[in-house]
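In what follows, a single structure is set out as structure tokens and then discussed.
Below, all heavy atoms of this structure are taken into account, side chains as well, without hydrogens, waters or symmetry copies.
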Amino acid sequence: MVLDLVGKIALISGGASGIGLRYAKELLRNGVKAVTLADTSSEFAQTASTEIEKEFGPNRALFVKTDVSDIQQFDNAFKKTIEKYKHVDILINNAGILNDKIWEKQIGINVNGVVHGILLGMENYLPKYKQGPEAVIVNMSSIAAIGICPFIPIYCGTKAAVAAMTRSWGVPHHYERTKVRLLAICPGVTATPLIADISGRNLGDAYEESLQQNIDTLPPQEPEYVAKEVTKLIQSCPNGTVWVVEEEQPPYEYVFPERETMPK
Ligand SMILES: NC(=O)c1ccc[n+]([C@@H]2O[C@H](COP(=O)([O-])OP(=O)(O)OC[C@H]3O[C@@H](n4cnc5c(N)ncnc54)[C@H](O)[C@@H]3O)[C@@H](O)[C@H]2O)c1
């Protein structure tokens, strides 16, 4: 199935800056009618809304102040989207933080936030308010879900959870009843505030040393590149698949080994 982006409505968590804002712009460039930026930051949203209005004209973006770790606030973002635009076709569960020092909050945003988005999107709003034959949920995982990052093990765990949930929800059983297709994206290091000044956002000295040794060896890619490639994937990639977008190279599917074929 191919999702035609023209005239569609997208809700993007954490859409007021970083990769999320680039998703908003790239989707609008590709025919999406309007985007909801569901973000905690009114300040980022102010700048984002101005930029979007300048490039795309008025009424193309709605900001709803939202903390995704609170399901009522996330629900409100869907409600406001429907009130203004009548429909919702695409959900990007993009909001995330990288900070093992405040790991409970990090799990609340990176894991609970994605669960909230999937529960609200897949089990309620997208099937009811999509315009075409199917809707799409994009979940932001990371290469940290696949590789080993000794300096931020809890962040890695949150991103592995996102990939695992995408695979288990992204199966024909759920697609047939909801017509919602899911994909997970594993970006490599991408130049946004998330990775700027990363020191101190860990469990202490032993992690800091490891962090410093690792971070400078990874060349960042631009967030615009991730947005461009993911906009293509949204349109047609298979349900339940996990994609790596790294070093501005063409995305590739990360295929997990099948447990059933492993030696017992
Ligand atoms: N930048 C990278 O290198 C990289 C790599 C792999 C994966 N990712 C993932 O991509 C996603 C976007 O990251 P980014 O680099 O654009 O980050 P960013 O820090 O630049 O932007 C994150 C946005 O989310 C918002 N946000 C934070 N907490 C929120 C909450 N509780 N509810 C709603 N919005 C909230 C922020 O205000 C901000 O606008 C994250 O899930 C991140 O883990 C980023």
For the student: nearest non-hydrogen atoms of [X] and [Y], plus distance:
{"X": "Ile152", "Y": "Arg201", "value": "CG2-O, 4.2 Å"}
{"X": "Gln235", "Y": "Arg181", "value": "O-NH2, 3.2 Å"}
{"X": "Asn239", "Y": "Val180", "value": "OD1-O, 4.2 Å"}
{"X": "Gly117", "Y": "Asn93", "value": "CA-OD1, 3.6 Å"}
{"X": "Lys8", "Y": "Leu3", "value": "CE-CD1, 4.3 Å"}
{"X": "Ser236", "Y": "Val2", "value": "CB-CG2, 4.3 Å"}

Under 4.5 Å between side-chain heavy atoms, counting indirect links through other Ile/Leu/Val/Met/Phe/Trp/Tyr residues: same cluster for [X] and [Y] or not?
{"X": "Met140", "Y": "Val68", "result": "no"}
{"X": "Trp103", "Y": "Val115", "result": "yes"}
{"X": "Val226", "Y": "Leu182", "result": "no"}
{"X": "Leu37", "Y": "Tyr129", "result": "no"}
{"X": "Val32", "Y": "Ile52", "result": "yes"}

Do [X] and [Y] have side chains that get closer than 4.5 Å, going by heavy atoms?
{"X": "Asn76", "Y": "Val64", "value": "yes"}
{"X": "Ile82", "Y": "Ile9", "value": "no"}
{"X": "Val114", "Y": "Thr166", "value": "no"}
{"X": "Thr66", "Y": "Asp39", "value": "no"}
{"X": "Leu203", "Y": "Lys101", "value": "no"}
{"X": "Thr190", "Y": "Pro223", "value": "yes"}
{"X": "Thr231", "Y": "Leu5", "value": "yes"}
{"X": "Met122", "Y": "Pro127", "value": "no"}

What's the separation between atom [atom1] in [X] and atom [atom2] in [Y], rounded to the nearest 0.5 Å?
{"X": "Ser168", "Y": "His174", "atom1": "OG", "atom2": "NE2", "value": "8.0 Å"}
{"X": "Asp89", "Y": "Asp4", "atom1": "CG", "atom2": "CG", "value": "10.0 Å"}
{"X": "Ile19", "Y": "Glu222", "atom1": "CD1", "atom2": "CD", "value": "11.0 Å"}
{"X": "Tyr207", "Y": "Cys149", "atom1": "OH", "atom2": "SG", "value": "13.5 Å"}
{"X": "Leu98", "Y": "Thr158", "atom1": "CG", "atom2": "OG1", "value": "8.0 Å"}
{"X": "Tyr155", "Y": "Asn110", "atom1": "OH", "atom2": "CG", "value": "6.5 Å"}

Is there a donor-acceptor pair closer than 3.5 Å between any side-chain N or O of [X] and the backbone N or O of [Y]?
{"X": "Asn94", "Y": "Gly14", "value": "yes"}
{"X": "Gln221", "Y": "Glu247", "value": "yes"}
{"X": "Gln131", "Y": "His87", "value": "no"}
{"X": "Ser17", "Y": "Phe44", "value": "no"}
{"X": "Thr192", "Y": "Leu194", "value": "yes"}
{"X": "Asn112", "Y": "Ser69", "value": "no"}
{"X": "Tyr225", "Y": "Gln249", "value": "yes"}
{"X": "Glu26", "Y": "Glu224", "value": "no"}
{"X": "Glu134", "Y": "Tyr175", "value": "no"}
{"X": "Asn124", "Y": "Leu120", "value": "no"}

| task | Let me see the working for Leu126 and Ile137 under side-chain contact (heavy atoms from CB on, under 4.5 Å), right down to the final yes or no. | result | CA-CA 9 Å; Leu126 290 167; Ile137 296 179; 3.5 Å; yes
| Derivation of the side-chain contact (heavy atoms from CB on, under 4.5 Å) call for Thr36 and Lys80 | CA-CA 9 Å; Thr36 294; Lys80 290 279 177 340; over 6 Å; no
| Within residues 227-264 or reaching into it, pairs that qualify as ring pair (Phe, Tyr, Trp, His ring centres under 6.0 Å) - sequence neighbours excluded | Tyr254-Phe256
| task | May I have all residue pairs that pass ring pair (Phe, Tyr, Trp, His ring centres under 6.0 Å) and include part of residues 48-74, sequence neighbours excluded? | result | Phe74-Phe78
| request: In sequence, state the C-alpha distance, the side-chain angles, and the governing distance for Glu51 and Lys25, and then conclude on salt bridge (Lys or Arg N to Asp or Glu O under 4.0 Å). | output: CA-CA 9 Å; Glu51 284 179 23; Lys25 291 181 179 179; 2.5 Å; yes
| Got a sec, which pairs hit salt bridge (charged side-chain N to carboxylate O under 4.0 Å, His left out) with one end in residues 162-180, sequence neighbours left out? | Glu123-Arg177, Glu176-Lys179
| task | Answer yes or no: are there more than 12 heavy-atom neighbours, outside Lys33 itself, under 6.0 Å from its atom NZ? | result | no
| said: Leu28 vs Val35, test: side-chain contact (heavy atoms from CB on, under 4.5 Å). Steps then yes/no. | reply: CA-CA 8 Å; Leu28 290 168; Val35 292; 4.2 Å; yes
| request: Quickly, which of Gln73, Lys79, Gln72 forms a side-chain hydrogen bond (donor to acceptor under 3.5 Å, both in side chains) with Asp75? Name it, please. | output: Lys79
| task | Test Cys237 against every option in Val136, Val138, Leu183 by the side chain to side chain contact (heavy atoms under 4.5 Å, CB included) rule and name the one that passes. | result | Leu183
| request: Give the intermediate values and the outcome of side-chain contact (heavy atoms from CB on, under 4.5 Å) for residues Ile92 and Leu11. | output: CA-CA 6 Å; Ile92 307 189; Leu11 192 163; over 6 Å; no
| request: Under the salt bridge (Lys or Arg N to Asp or Glu O under 4.0 Å) rule, what do Glu55 and Arg60 come out as? Steps first, then yes or no, please. | output: CA-CA 10 Å; Glu55 186 172 346; Arg60 306 295 297 278; over 6 Å; no
| query | Between Asn99 and Gln106, is any side-chain donor less than 3.5 angstrom from a side-chain acceptor? | reply | no
